[in-house]
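Written below as structure tokens is the structure these notes are about.
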Amino acid sequence: MSVKKATAVAPANIAFIKYWGRKDDKLRLPANNSLSMNMSGIETTTTVEFGESEQDTVIIDGHLVKGQEQERVISFIDRVRQEVGVTEPVRVQSKNSFPRSAGLASSASGFAALALATTAALHQELTEQELSSLARLGSGSACRSIPDGFVEWVAGDSHESSYAYSLYPPSYWDIVDVIALTDYSPKDVGSTTGHVAAQESPFYQVRLDHVEDHLKLAKRAFAAKDFPALGEVIEKDSLSMHAVMMTSNPHLYYWNGVTLNILKSLQQWRADNLLAYATIDAGPNVHVICQQQDQDEVIRGLKNIDGVKDVMIATPSLGAHLK
Ligand code: PMV
């Protein structure tokens, strides 16, 4: 009998052009394409093993997980288990290298690592595209943590046609994400609820009308390695997503006062020729995107802002891989 066990590592990713709102909730098909960078050192390592425990067990960061969180993991694994015809209980052990649920996309790295570890443990051989689609069913943005480096998620209109692929390898551009942590507590409203609430915003359609242009501008900036052009569209796209969040039903305010102070500081820094741009996910932390040459100045500046609790650095990284 062959061993059914595998360990995978997957990075979190930060979206430069965001995904917020879906055209199919069950399949997690997004309303628009999105673009992201995998983040070095901000990752989840997951071991999946079948047949070695009495019942399905999920352990995350040393804690036995129960309720909805456990169900989400197990129903994801059930889909693979059914496809392969395996009924043995599973044991999942997962470890994050960063605070969970603080807007650092633990669900993206988590489900990307889970997709790879589960299929590898069951000796399934999936293409990168198939693995990306599978990860998407766990958490939409998890599909972007499968391919390497800078990634585009094609929205698609079916399970198979909605997947992410690598636009450029990590070495293509020495972009740095300097993350200003302003709060460690878990967010009140998760993205699963947020994607549905978004559609109630009068600005939802307005954002969708603009997002194609944002994608085009970002891709053009990538091809030309035009950093100011990229930075501007990154910040603009994130603000347009937050305008939708704040005007959805319920109103979702993911920022705190420090978040806003950082945004204002960046305006001043750019006026003083320091090229740094913000993008913010469903949480109060600010991802400050800059080039490596400006990293130290950006770190110093962020540490001087009242309320910034810590600063983390991420550079472009590979996608999910087996350990
Ligand atoms: O994959 P989800 O459901 O956690 O949604 C991610 C949403 C944002 O992080 C806010 C934006 C994005 O594209 O990553």
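Whatever order the structure lists them in is the order used to number ligands and atoms, beginning at 1. Any value given below was found using the heavy atoms of this structure, including those in side chains, with hydrogens, waters and symmetry copies removed.
The closest approach between S34 and ligand 1 stays at or above 4.0 Å for every heavy atom of the residue. Within the structure, ligand 1 has R144 among the residues with a heavy atom less than 4.0 angstrom away. Contact between A108 and ligand 1 is absent, with no heavy atom of the residue lying under 4.0 Å from the ligand.
Annotation: ring pair (Phe, Tyr, Trp, His ring centres under 6.0 Å) contacts of F227 (sequence neighbours excluded): Y277.
Those atoms of ligand 1 that come under 4.0 Å of a heavy atom in H195, given as number and element, are 2 (P), 3 (O), 5 (O). Residue contact check: W20 has heavy atoms under 4.0 Å from atoms 7 (C), 10 (C) of ligand 1. Below 4.0 Å from some heavy atom of G140 lie the following atoms of ligand 1, by number and element: 1 (O). For ligand 1, the atoms closer than 4.0 angstrom to any heavy atom of A15 are 12 (C), 13 (O), 14 (O). Set against the non-hydrogen atoms of D281, the atoms of ligand 1 under 4.0 Å away are 8 (C), 9 (O), 10 (C), 11 (C). Listed by number with element, the atoms of ligand 1 under 4.0 angstrom from any heavy atom of S141 are 1 (O), 2 (P), 4 (O), 6 (C). Which parts of ligand 1 touch S107 is read off a 4.0 Å heavy-atom cut-off, strictly below it: atoms 4 (O). Atoms of ligand 1 lying under 4.0 Å from any heavy atom of A282, numbered from 1 in the order shown and given with element: 10 (C).
With hydrogens and angles ignored, the 3.5 Å screen pairs no side-chain donor or acceptor of T279 with any backbone N or O of H287. In this structure, S145 contributes its side chain and P11 its backbone to a donor-acceptor pair below 3.5 Å.
Contact of the F150 side chain with the P316 side chain is registered, since non-hydrogen atoms from C-beta on lie closer than 4.5 Å.
Polar contact check, Y19 against ligand 1: a nitrogen or oxygen pair lies under 3.5 Å apart. Inclusion of S139 in the set of residues having an N or O under 3.5 Å from an N or O of ligand 1 is warranted. For ligand 1, one of its N or O atoms has an N or O atom of S191 under 3.5 Å away.
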Fill in: Intermediate values then yes/no, side-chain hydrogen bond (donor to acceptor under 3.5 Å, both in side chains), D209 and Q205
CA-CA 6 Å; D209 291 343; Q205 192 53 48; 3.0 Å; yes
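Ionic pairing of D56 and R81 is present here: one or more N-O contacts between side-chain nitrogen and carboxylate oxygen are shorter than 4.0 angstrom. For the pair E152 and K219, the salt-bridge criterion is met [side-chain N within less than 4.0 Å of a carboxylate O].
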Report, one line per pair, each donor and acceptor closer than 3.5 Å where one atom sits in a side chain of residues 242-261; sequence neighbours left out.
| from | atom 1 | to | atom 2 | distance (Å) |
| --- | --- | --- | --- | --- |
| H242 | ND1 | W255 | NE1 | 2.9 |
| H242 | NE2 | I280 | O | 2.8 |
| H242 | NE2 | D281 | O | 3.3 |
| T247 | OG1 | S201 | OG | 2.8 |
| T247 | OG1 | A243 | O | 2.5 |
| T247 | OG1 | V244 | O | 3.3 |
| S248 | OG | M245 | O | 2.9 |
| S248 | OG | P250 | O | 2.9 |
| H251 | ND1 | M246 | O | 3.0 |
| H251 | ND1 | S248 | O | 3.2 |
| Y254 | OH | V189 | O | 2.8 |
| N256 | OD1 | V258 | N | 3.0 |
| N256 | OD1 | T259 | N | 2.9 |
| N256 | OD1 | T259 | OG1 | 2.9 |
| N256 | ND2 | T182 | OG1 | 3.1 |
| T259 | OG1 | N256 | N | 3.0 |
| T259 | OG1 | N256 | O | 3.4 |
| T259 | OG1 | P284 | O | 2.8 |

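Ring centroids of Y19 and H195 are separated by less than 6.0 Å, placing the two rings close together.
Applying the 6.0 Å contact sphere to NE2 of H159 captures more than 12 heavy atoms from other residues, nucleotides or ligands.
Contacts between M241 and ligand 1, counted as non-hydrogen atom pairs separated by less than 4.0 Å, involve the side chain only.
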